[in-house]
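Right, one structure below, let's go through it.
Since the model is a prediction, treat every value here as computed from it, not as a measurement. Each chain gets a letter, A, B and so on, in the order the sequences are listed, and its residues count up from 1.
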Amino acid sequence: MSKFHDEFDQKVWSVVSSIPGGQVMGYGEVARAAGFPRYSRMVSSAMSRSPEPLPWYRVVKSDRTLAFEQGSESYREQAQLLKQEGVRFEGKKIVAQPRGDNLDKILWGPQD
DNA sequence: CCCTTGACTATCT
DNA sequence: GAGATAGCCAAGG
């Protein structure tokens, strides 16, 4: 196929699958980490092309909100999967990961 | 080749 | 904080 994918896709998949549960990364961050700065808009398509399931829901916009339209099916799905891992929201924005206590959140749920 | 479309981002008002 | 604007870049019509 020799499209621009080959390496880009591989790197993106690698980066995304390495995001720890309970944490999120921005599209731009993923692109940079993959070695392709300014390719934020390509990240989503790369994830879609992944042959195996990826923690795609751990990738969010740079302002820490979800990329899908609020109320859409995808939006709710992503939000639910994230909350399931202990990620908390402040309205539409994701609360900055306070500590590495994600595991606790998953096992015990948000206490506060 | 031109135009449009995205799971985008940074900057300005 | 929300909307507008301008970059960004591959894909598909």
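Atom CE of Met42(A) is separated from atom P of dG12(C) by 11 Å (rounded to the nearest Å). One can place CZ of Arg32(A) at 16 Å from C1' of dC9(C), the figure rounded to the nearest angstrom. Straight-line distance from the CZ atom of Arg41(A) to the C1' atom of dG7(C): 9 Å, rounded to whole Å. Regarding Gln70(A), its CD atom lies at a distance of 13 Å from the C1' atom of dG1(C), rounded to whole Å. Atom pair Asp63(A):CG and dA4(C):P shows a separation of 17 Å (rounding to whole Å applied). The separation between Met47(A) atom CE and dA10(C) atom P is 18 Å, rounded to whole Å.
Under the 4.5 Å side-chain criterion, counting only non-hydrogen atoms from C-beta, Val15(A) is in contact with Met25(A).
Gln78(A) places a side-chain N or O within donor-acceptor distance of the main-chain N or O of Val59(A), the cut-off being under 3.5 Å.
Taking the P atoms as reference points, dA6(C) lies 22 Å from dA7(B), given to the whole Å.
Contact between the side-chain N/O atoms of Lys93(A) and the OP1/OP2 oxygens of dG1(C) is found at a separation under 4.0 Å.
Looking at every heavy atom in both residues, Phe89(A) comes nearest to Ile94(A) through CE2-CG1, 3.6 Å.
When DNA chain B is scanned in the 5' to 3' direction for atoms under 4.0 Å from non-hydrogen atoms of chain A, the outermost contacting nucleotides are dG6(B) to dA10(B).
Residues passing the side chain to side chain contact (heavy atoms under 4.5 Å, CB included) test with Ser50(A), sequence neighbours excluded: Trp13(A), Glu52(A), Leu54(A).
Phe8(A) and Phe36(A) have perpendicular rings, their planes meeting at more than 60° on a 0 to 90° scale where under 30° would count as parallel.
Ion pair Glu29(A)/Arg64(A) flagged as a salt bridge, since at least one NZ, NE, NH1 or NH2 atom sits closer than 4.0 Å to an Asp/Glu carboxylate oxygen.
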